[in-house]
Amino acid sequence: MNKFLTLDSDDLNATALALSNSVRISIISLLAEGPQNIKDIADKLNIPMSSTTINIQKLEDVGIITSELRPGKRGSQKICSLSAKKIIFDFEKELETDTDHSVHIPMPIGQFVACDVHPTCGIASELKPIGLYDETKTFYLPEKVDAQLIWFSHGYLEYNFPNKTPYGATLDSIEVIGEVCSEAPGTNEDWPSDITVWINGREIGTWTSPGDFGNKKGFLTPVWWETDKTQYGILKHWSVTKDGSFIDAIPVADTTLKDLAINQTPFIKLRIGVKDDAPNKGGMNLFGHKFGNYNQDLVMKLTYHYESKK
């Protein structure tokens with residue numbers, strides 16, 4: 001679940017209309033307790049399945065609810081969950097000039113172009129494990145593209161993000177957003193690991209994950225995934241501007257956009273992993289949009305502007 005759903009004026013009317021219904025408010029209140037299937041929602045609110053389905057669809061249309069099919073005892077079942085904890089109307093965004101822009105580039109976590117991983121390691125889709133656990137050959141199977149969870153004890157994954165900065169625009173920042181945590185045998189809340197991000201071969205910053213989280217089921221983690229295994233991570237933000245590098249807006253390094261030579265290639269190379277000589281070599285789990293707590297893949301956000309013409 002994302003913390004906030006941010007709306008601009010284009011979204012506000014549709015969202016207000018979706019919330020102007022007591023049944024939908026009741027559905028949101030139920031889902032605040034955790035994901036539930038449509039039949040349970042209908043039963044608890046004592047309303048027909050048809051009405052439940054229609055109201056859930058209206059909340060899905062404005063991004064308040066997300067749904068997915070999961071295996072059930074009798075075929076598949078539709079599981080609904082909240083997309084955000086809070087809804088915010090972004091007044092500041094409405095005041096931005098037309099010269100300020102950004103683009104989000106989602107990258108499925110199985111779309112890595114290079115890797116160097118070491119056991120314990122493995123890959124899982126939303127439906128089943130891919131290949132064999134603790135077998136590095138798994139990371140070269142074609143099925144890896146379906147990954148929703150990837151884990152390894154040390155090493156890295158590397159991705160090529162398209163450089164979507166328009167011609168004539170000036171890049172202001174690159175932000176990398178991903179749900180990650182440590183990788184312990186089983187799970188261990190106290191298992192620190194130093195997770196590092198590189199862009200175009202330059203180190204951006206290292207965040208120390210406190211542990212491998214399995215104390216409760218992840219909101220999006222499939223029902224078939226064993227409860228004694230990693231369940232969710234923490235959503236982290238690595239960013240680079242003209243002034244330096246940051247993790248969650250806290251300065252961590254002197255690497256700047258100029259150092260990255262972004263415009264020399266049509267893609268931006270991202271590497272994420274745990275160094276062989278890391279002080280806390282506690283591995284890494286990387287989550288896709290159907291595993292863990294956050295409905296997103298690995299994301300790169302490019303913010304840019306055009307020079308004002310006078």
Side-chain angles (χ1 to χ4, degrees), residues 1-3 30-41 56 60 63-73 75-85 106-112 117 120-134 138-139 143-153 157 177-191 193 195 209-236 272 282-299:
M1 181 192 297
N2 295 316
K3 290 184 178 180
L30 274 178
L31 294 180
E33 302 171 2
Q36 301 191 44
N37 65 44
I38 290 182
K39 184 179 185 305
D40 287 343
I41 294 172
I56 285 175
E60 285 182 323
I64 294 174
I65 284 178
T66 57
S67 300
E68 63 173 331
L69 292 176
R70 295 185 183 177
K73 293 181 178 178
S76 60
Q77 57 179 332
K78 188 173 184 179
I79 303 296
C80 304
S81 58
L82 292 182
S83 300
K85 293 182 179 179
M107 179 67 71
I109 63 171
Q111 295 278 15
F112 53 88
V117 299
T120 57
C121 61
I123 303 177
S125 73
E126 64 172 309
L127 300 176
K128 62 182 180 179
I130 294 174
L132 300 174
Y133 292 162
D134 299 334
T138 293
F139 285 72
E143 300 95 309
K144 73 181 180 66
V145 298
D146 297 323
Q148 291 297 326
L149 178 65
I150 301 175
W151 66 95
F152 50 90
S153 66
L157 301 172
I177 309 164
E179 183 178 356
V180 292
C181 72
S182 309
E183 164 53 23
T187 64
N188 190 330
E189 304 289 307
D190 184 17
W191 190 269
S193 186
I195 299 174
S209 168
D212 183 351
F213 305 111
N215 59 326
K216 59 183 178 181
K217 195 76 172 177
F219 290 133
L220 302 170
T221 300
V223 294
W224 65 267
W225 184 250
E226 297 91 338
T227 56
D228 62 345
K229 296 184 182 297
T230 306
Q231 295 296 318
Y232 60 91
I234 296 175
L235 198 66
K236 302 301 294 184
I272 184 168
M284 187 182 90
N285 280 271
L286 177 63
F287 298 80
H289 72 281
K290 293 182 178 179
F291 240 98
N293 279 352
Y294 297 90
N295 183 23
Q296 70 154 67
D297 294 303
L298 198 57
V299 173

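- Note that SG of Cys121 and CE of Met284 are 12.0 Å apart. Values are rounded to the nearest 0.5 Å.
- Closest heavy-atom contact between Asp297 and Gly288: OD1-CA, 3.6 Å.
- Here the shortest heavy-atom pairing between Thr230 and Trp225 reads O-NE1, 2.7 Å.
- Put simply, CD1 on Ile56 and NZ on Lys78 are 7.0 Å apart, with the number rounded to the nearest 0.5 Å.
- In this structure, a donor-acceptor pair under 3.5 Å is present between the side chains of Thr66 and Ser81.
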Would you check, one step at a time, whether the test side-chain contact (heavy atoms from CB on, under 4.5 Å) holds for Ile272 with Val180?
-> CA-CA 10 Å; Ile272 184 168; Val180 292; 4.1 Å; yes

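- Here the side chains of Asn215 and Tyr232 are in contact, with some heavy-atom distance below 4.5 Å.
- For Glu179 (side chain) and Tyr294 (main-chain N/O), a donor-acceptor pair under 3.5 Å exists by modelled atom type.
- Put simply, CZ on Phe152 and CG on Leu286 are 7.5 Å apart, with the number rounded to the nearest 0.5 Å.
- For the residue pair Ser182 and Ser193, no side-chain donor N or O sits within less than 3.5 Å of a side-chain acceptor on the partner.
- Looking at heavy atoms from C-beta onward, Leu235 lies in side-chain contact with Gln296 at the 4.5 angstrom threshold.
- Here the straight-line distance linking atom CG of Asn37 with atom OG of Ser67 works out to 10.5 Å at 0.5 Å rounding.
- By the side chain to side chain donor-acceptor pair (under 3.5 Å) test, Thr187 is found to be paired with no residue, residues two or more places apart in sequence or in another chain being considered.
- Atom NZ of residue Lys128 and atom CG of residue Asp146 lie 9.0 Å apart, to the nearest 0.5 angstrom.
- Contact check for Cys80 versus Leu31: side-chain heavy atoms found under the 4.5 Å cut-off.
- A distance of 6.0 Å or more separates the ring centres of Phe287 and Trp151.
- Judged by distance alone, with hydrogens and angles left aside, the side-chain atoms of Thr221 form a donor-acceptor pair with the main-chain N or O of Gly292 at under 3.5 Å.
- Considering all non-hydrogen atoms of both residues, Pro35 and Ile79 come closest at CB-CG2, 3.8 Å.
- The line from CG of Asp212 to CD of Gln231 is 9.5 Å long, rounded to the nearest 0.5 Å.
- Contact between Ile109 and Leu149 at its shortest, heavy atoms only, is CD1-N, 3.6 Å.
- Taking all atoms of both residues into account, the shortest heavy-atom contact from Pro222 to Lys290 is CD-O, 3.8 Å.
- For Glu189, the side chain to side chain donor-acceptor pair (under 3.5 Å) criterion is met by no residue, not counting sequence neighbours.
- Side-chain contact check for Ile65 versus Leu82: some heavy-atom pair is nearer than 4.5 Å.
- Both tests do not hold together for Lys144 against Phe139: distance to the six-membered ring centre under 6.0 Å, angle to the ring axis within 45°.
- A donor-acceptor pair under 3.5 Å is absent between the side-chain atoms of Ser125 and the main chain of Gln148, judged by distance alone.
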Yes or no on side-chain contact (heavy atoms from CB on, under 4.5 Å) for Val145 and Gln111, after CA distance, side-chain angles and deciding distance?
-> CA-CA 5 Å; Val145 298; Gln111 295 278 15; 4.0 Å; yes

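- No hydrogens or angles considered: nothing links the side chains of His289 and Asn295 as a donor-acceptor pair under 3.5 Å.
- Residue Asp190 comes nearest to Asn188 through the heavy atom pair N-OD1, 2.9 Å, listed as atom of the first residue, atom of the second, then distance.
- Residues satisfying the side chain to side chain donor-acceptor pair (under 3.5 Å) criterion with Glu183, sequence neighbours excluded, are Thr120, Asn285.
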